[in-house]
Amino acid sequence: MQTPGPNHDAATLALMALAWCLEDSRRAERLLGLTGLTTNDLRARIDRPEVQAAILGFLEAHEPDLVACAEAIGSTPAALVAARAELEQ
């Protein structure tokens with residue numbers, strides 16, 4: 001299995017991805033709507049692997065966002081997918 005990233009572990013990639021998602025209000029609303037997470041969930045449970053995996057799964061489900069996020073945070077789409085898989089174990 002590919003490692004999540006050369007300089008970041010899976011949790012760090014998920015947090016970086018969340019920050020990227022929240023930069024755009026429409027994307028943030030879509031994240032909450034499609035994952036079923038609430039802003040309170042994010043505040044209270046962001047350290048939980050299942051919440052982090054849900055964020056990465058949200059990106060994985062929409063390839064243009066996955067690619068754009070990976071580019072913006074200095075990662076690769078494959079690393080984000082691998083991070084999601086790792087967090088789901």
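We number each residue from 1, following the sequence as shown.
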Please evaluate residues Leu59 and Trp20 with respect to the criterion side-chain contact (heavy atoms from CB on, under 4.5 Å), reporting the C-alpha separation (whole Å), side-chain torsions for both, the decisive distance (0.1 Å), and the verdict.
CA-CA 11 Å; Leu59 291 172; Trp20 180 83; 3.7 Å; yes
Listed by chain and number, what are the side-chain contact (heavy atoms from CB on, under 4.5 Å) partners of Ser25, not counting sequence neighbours?
none
Shortest non-hydrogen contact from [X] to [Y]?
X	Y	value
Ala54	Thr35	O-CG2, 3.8 Å
Leu87	Ala14	CD1-CB, 4.2 Å
Ala10	Leu56	O-CD1, 4.5 Å

Would Arg43 and Thr39 count as a side-chain contact (heavy atoms from CB on, under 4.5 Å) if you check the C-alpha gap in whole Å, the side-chain angles of each, and the deciding distance to 0.1 Å?
CA-CA 6 Å; Arg43 285 185 196 104; Thr39 55; 3.6 Å; yes
I'd like to know if the side chain of Glu88 and the backbone of Glu50 have a donor-acceptor N/O pair within less than 3.5 Å.
no
Tell me whether Arg84 contacts the main-chain N or O of Gln52 through its side chain, where contact means a donor paired with an acceptor under 3.5 Å.
no
Is there a side-chain contact (heavy atoms from CB on, under 4.5 Å) between Leu42 and Leu32 once you walk through the steps?
CA-CA 9 Å; Leu42 292 176; Leu32 296 177; 3.9 Å; yes
Cut-off 3.5 Å, no hydrogens considered: what does the side-chain donor-acceptor table look like for residues 61-71, sequence neighbours left out?
from: Asp65; atom 1: OD2; to: Arg30; atom 2: NH1; distance (Å): 3.4
from: Asp65; atom 1: OD2; to: Arg30; atom 2: NH2; distance (Å): 2.5

Counting C-beta onward and ignoring hydrogens, is there a side-chain heavy-atom pair between Asp41 and Ile46 closer than 4.5 Å?
no
Under a 4.5 Å cut-off applied to non-hydrogen side-chain atoms, are Leu22 and Leu18 in contact?
yes
Supply the atom-to-atom distance [X] [atom1] to [Y] [atom2], rounded to the nearest 0.5 angstrom.
X	Y	atom1	atom2	answer
Met16	Leu80	CE	CG	9.0 Å
Leu31	Phe58	CG	CZ	5.0 Å
Asp24	Glu29	CG	CD	9.0 Å

